[in-house]
Amino acid sequence: MGTKLVFSNVSAGYGRIQILSDLSFEVQEGEVFGVIGPNGCGKTTMFNALIGLIIPSKGEIIFDGHNITKMAANARCRLGIGRTYQVPRPFEGMSVFENVLVAAVHGAGHSEKEGRRVALDALKLTGLYDKREVRAGELTLLDRKRLEIARALGTEPKLLLLDEVAAGLTEAEVKDVMKMVADLKAAGYTIIWIEHVIETMVNSTDTLMCMAEGRNLLVGKPLDVMNSKLVEEVYLGVPEDE
Amino acid sequence: MKIPVLLDRKKTKAASSGGQVRVLDGVPMLAACVAIAAALYIFGLTGVLSSNIQRYLLKIFLYCTLSSMWNLMSGYTGMTSLGQQTYIGLAGYSLTVMTATYAMSYWVGFLVGAVISTIVSLILAIILFRMRGMYFAVATWVVAEALRTFFTSWKFVKKGAGMTVAARPYPSTSTIYIIALTLCIIALAVVYFLLKSRVGLGLTAMRDDPDAASSVGVDIFKSKLLVYVVSAIFTALAGGIFYLNKGSIYPAGGFGISWTVSMVFIVIIGGIGTMGGPVLGSILYVIFEEQLAKLPGGWTNIVLGLIAILVILFLPDGILGTLQKKLRFEILSQKRFSGE
Ligand SMILES: Nc1ncnc2c1ncn2[C@@H]1O[C@H](COP(=O)(O)OP(=O)(O)OP(=O)(O)O)[C@@H](O)[C@H]1O
Ligand SMILES: [Mg+2]
């Protein structure tokens with residue numbers, strides 16, 4: 001098991017506003033790496049820098065031995081990084097099936113024929129199979145979130161980035177997501193999972209990082225991180241149910 | 001495509017959840033297209049059409065080419081250009097300069113127009129693709145306006161006075177009709193097969209959300225470049241043929257915004273993001289234009305504008321687009337079905 005991903009001293013933001021400052025952490029191959037931190041601390045921004053929507057002003061991102069700091073987003077996807085968006089961003093004019101087919105063809109590099117099978121598998125796994133011909137713009141929020149996961153899986157990633165996929169779900173649905181993550185981990189995926197739902201972070205992750213103000217505040221075993229004084233301090237004043 | 005549907009309704013119903021769309025393509029549609037094209041060729045070659053009718057039809061073919069390419073850019077890819085007249089003007093002037101100044105054949109004129117347009121579009125792409133949405137649209141227009149101003153003061157092309165095409169021998173209307181028809185057929189085929197290709201699959205994704213598309217592996221720059229350059233080439237060829245038919249060009253005409261107005265009008269009334277929309281729109285546009293030509297100057301545009309507004313208000317997907325949605329069918333759709 002090697003190191004899958006390294007962030008070293010990454011600073012990045014939007015325009016002149018710097019959000020990440022000197023962020024460093026490592027993700028090991030095959031693990032579920034959880035990320036917590038107060039609202040606005042830069043978790044989603046870290047994903048944006050990781051997939052290439054924003055380019056760091058400083059530091060390096062190494063994925064599978066490749067320096068991807070400045071690589072184009074589509075090339076990173078082809079290397080094997082697939083993400084979900086916290087606020088779903090489906091291709092609204094396309095059907096659910098086509099949304100995932102794009103990922104399988106362009107992201108995983110399949111022909112359309114092979115891609116069809118990959119897409120259908122991803123739709124079955126995420127419970128969207130019956131809605132495969134529905135226009136994505138007509139989906140409910142919950143289904144849009146499912147589609148985010150299906151589309152990311154369609155790219156056949158080695159590193160899967162989940163951004164608050166369990167937020168707003170019922171307890172049973174959260175359990176389903178945890179089961180899915182466990183299955184994916186067993187299938188060999190490396191996963192970074194941002195979530196505010198404490199239960200998922202404690203039970204499903206191998207390593208947990210708490211971010212604060214664009215930095216890595218603390219990283220370690222999930223329970224150790226949860227019980228630490230430092231983490232408690234940054235969360236003070238933040239409502240429990242966030 | 002496992003659901004070419006004309007015959008197989010039960011299967012589509014079974015696969016449906018929210019109501020399946022019927023796609024008209026495959027062999028029956030191909031046969032229909034070939035029949036129409038063959039008829040148009042035969043009419044043109046046998047001389048059964050009066051030269052007036054030929055002139056209407058060749059205009060339809062050219063507008064159909066122009067607007068299909070504009071539709072490919074705006075309707076399918078999300079690149080809304082207001083400056084395709086750049087390539088019409090360049091091609092029109094290439095034709096006149098090649099035939100009048102250098103006494104070459106009009107084929108050389110078309111070729112030079114296409115080559116110049118390819119080069120210019122490649123250069124502009126690098127600059128324009130940094131912009132999105134409105135900024136891109138306005139920038140393309142500014143480029144066309146700059147060229148208009150430049151040609152208006154360029155002595156080599158006789159400044160604002162314009163130039164006359166001097167092909168020798170000058171082709172007959174029937175010849176131009178056949179050339180325009182051929183271009184139109186090739187343009188429609190290119191759009192169709194491009195949309196059916198893997199690049200085409202990425203285009204719609206890109207139109208809906210470029211960031212999300214690039215994060216699932218779509219190469220935005222390459223796809224845009226392909227669409228932009230292909231559009232430029234076909235727009236140039238259509239422009240060249242148009243000016244061969246017209247016989248003369250001046251900067252305000254060749255590089256005028258009214259080209260874009262026509263393309264937008266055609267695509268909007270026909271149905272943006274549909275294969276058939278530009279075809280229907282072009283037919284209607286040429287009919288309107290001919291009928292309205294009798295009105296005093298300026299009124300044509302006012303009436304066309306009113307028609308466009310009414311269509312946008314009552315049929316926001318265009319005439320064909322609305323029909324397709326209501327009756328749940330699509331002609332030559334680029335849609336992919338799971339086939340299960
Ligand atoms: N596109 C953007 N342009 C400018 N600022 C942005 C943009 N997106 C996010 N921000 C700002 O960057 C900061 C970090 O946002 P980010 O989305 O990374 O937080 P987060 O940790 O994911 O929070 P949450 O838990 O609420 O999802 C916030 O202050 C936010 O307002
Ligand atoms: Mg976030």
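Chain letters run A, B, ... following the sequence lines, proteins first, then strands; residues in each count from 1. All figures in this text were calculated on a predicted structure; none of them were measured in a lab.
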**Request:** Name the member of Val216(B), Asp219(B), Ile220(B) that forms the most heavy-atom pairs with chain A at distances under 4.5 Å.
**Result:** Val216(B)
**Message:** Checking ring-ring contact (aromatic ring centres under 6.0 Å, His included) between Phe33(A) and each of Trp193(A), Phe7(A), Phe25(A), which is the one that passes?
**Reply:** Phe25(A)
**Message:** Please classify the contact of Ser223(B) with chain A as side chain, backbone, both or neither, using a heavy-atom distance under 4.5 Å.
**Reply:** neither
**Message:** Under 4.5 Å from any heavy atom of chain B, what part of Arg89(A) do you find: side chain, backbone, both or neither?
**Reply:** both
**Complete:** One option among Thr155(A), Leu123(A), Asn99(A), Val105(A) has the most heavy-atom pairs under 4.5 Å with chain B, and it is Val105(A)
**Asked** Do you know which of Glu98(A), Arg151(A), Glu138(A) has the most heavy-atom pairs with chain B at a distance under 4.5 angstrom?
**Response** Glu98(A)
**Nearest heavy-atom neighbours spanning Leu128(B) and Phe136(B)** = O-CD1, 3.5 Å
**Asked** Rounded to the nearest 0.5 Å, how far apart are OG1 of Thr77(B) and OH of Tyr228(B)?
**Response** 13.0 Å
**Request:** Identify which part of Leu120(A) has an atom lying under 4.5 Å from any heavy atom of chain B, answering side chain, backbone, both or neither.
**Result:** side chain
**Message:** Counting neighbours of NZ on Lys58(A) that are heavy atoms of other residues, nucleotides or ligands and sit closer than 6.0 Å, is the number greater than 12?
**Reply:** yes
**Asked** Is a salt bridge present between Glu92(A) and Arg144(A), judged by a nitrogen-to-oxygen distance below 4.0 Å?
**Response** yes
